[in-house]
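Here's the structure, in structure tokens; my notes come after.
Nothing here was measured: the structure is a model prediction, and the numbers come from that model.
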Amino acid sequence: MYRELSPREHMLDPSQRYFLFRLIHTEANGAGGDGGGGAAAGGGIALHDFSGRLGEQRVHFHAMRLRDSLFLWVGAAPALASLAVAMCSPRDSIPVAASLLGDPSDTASACLAQRLASKTKKQVFVSYNLQNTDSSFTLLIENRIKEEMMAFPEKF
């Protein structure tokens, strides 16, 4: 499967583009080695962009639903400064999370990934690229995502 990079994806540095390519390629070709491109109900990869004014800031969101996972980018400008993953564990009620890219002391991506993994029961990748990590602001971010999930469940 081949597809052109979006303008947002062209802004990524080569290592970030490679990571995104591998993520898309693995999901599109079947991570289990079955070679099937079928994904979750409704077909293959689903992309969904939305934005909102939260407080005084315009925030953009990019969601990519893959077979058994979700990639969510949150930011005001094209950047991939952090990336975290979270998934549910049969041994714990709280999803496990790990920082994959960026400053490990910045927990905004990991915390949001944990909350979304708990809600969706999927493996969730989150890239939170905003300076404001205040808990009340991140709650606004999470609520905006949940609104969109309710309005367009097939995209998540």
Inter-residue atom distance [X].[atom1] - [Y].[atom2], 0.5 Å rounding:
| X | Y | atom1 | atom2 | answer |
| --- | --- | --- | --- | --- |
| M149 | L116 | CE | CG | 6.0 Å |
| L70 | T120 | CG | OG1 | 6.5 Å |
| K155 | F50 | NZ | CZ | 12.0 Å |
| Q57 | L140 | CD | CG | 11.0 Å |
| M64 | F71 | CE | CZ | 5.5 Å |

Under a 3.5 Å distance rule, please check whether [X] uses its side chain to pair with a backbone N or O of [Y] as donor and acceptor.
| X | Y | value |
| --- | --- | --- |
| S69 | L66 | no |
| W73 | H60 | no |
| R144 | R53 | no |

Hey, are the side chains of [X] and [Y] touching, using non-hydrogen atoms and a 4.5 Å cut-off?
| X | Y | answer |
| --- | --- | --- |
| L101 | L80 | yes |
| V96 | M87 | yes |
| T138 | L130 | no |
| L54 | I141 | yes |

Legend entry - side-chain contact (heavy atoms from CB on, under 4.5 Å) between V74 and N129, intermediate numbers included: CA-CA 6 Å; V74 180; N129 300 283; 5.9 Å; no
Inset, instruction - Apply the test side-chain contact (heavy atoms from CB on, under 4.5 Å) to residues F125 and L72: give CA-CA distance (whole Å), side-chain angles for both, the deciding distance (0.1 Å), then the verdict. - result: CA-CA 6 Å; F125 295 86; L72 181 68; over 6 Å; no
Inset, instruction - Report the C-alpha separation of I145 and L112 in whole Å, then their side-chain angles, then the decisive distance to 0.1 Å, and conclude whether the side-chain contact (heavy atoms from CB on, under 4.5 Å) test is met. - result: CA-CA 10 Å; I145 294 165; L112 184 55; 4.0 Å; yes
Legend entry - K122 versus A117, closest heavy-atom pair with distance: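 K122 and A117 have their closest heavy atoms at O-CB, 3.5 Å.
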Inset, instruction - Could you tell me which non-hydrogen atom of A113 sits nearest to which non-hydrogen atom of A84, and how far apart they are? - result: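 Nearest pair, atom of A113 first, then A84: CB-O, 4.4 Å.
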Inset, instruction - Walk me through it: do R65 and L47 pass the test side-chain contact (heavy atoms from CB on, under 4.5 Å)? - result: CA-CA 6 Å; R65 188 210 64 219; L47 301 175; over 6 Å; no
Legend entry - Set of residues satisfying side chain to side chain contact (heavy atoms under 4.5 Å, CB included) with respect to A97, sequence neighbours excluded: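 A97 satisfies side chain to side chain contact (heavy atoms under 4.5 Å, CB included) with A86, A110, Q114 once adjacent residues are dropped.
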Inset, instruction - Just say parallel, tilted or perpendicular for the rings of H48 and F152, cut-offs at 30° and 60°. - result: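 Because their plane-to-plane angle lies in the 30° to 60° range, the rings of H48 and F152 count as tilted.
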Inset, instruction - Enumerate the residue pairs fulfilling side-chain hydrogen bond (donor to acceptor under 3.5 Å, both in side chains) with a member in residues 76-98, sequence neighbours excluded, ordered by first and then second residue. - result: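 For residues 76-98, and leaving out neighbouring residues, the side-chain hydrogen bond (donor to acceptor under 3.5 Å, both in side chains) pairs sorted by first residue read S82-S109.
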Inset, instruction - Hey, could you give me each pair passing salt bridge (Lys or Arg N to Asp or Glu O under 4.0 Å) that has a residue in residues 100-120? Not counting sequence neighbours. - result: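 For residues 100-120: R115-E142.
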Legend entry - Atom CG of L139 with >12 non-hydrogen neighbours under 6.0 angstrom: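 More than 12 heavy atoms, drawn from other residues, nucleotides or ligands, come within 6.0 Å of this atom.
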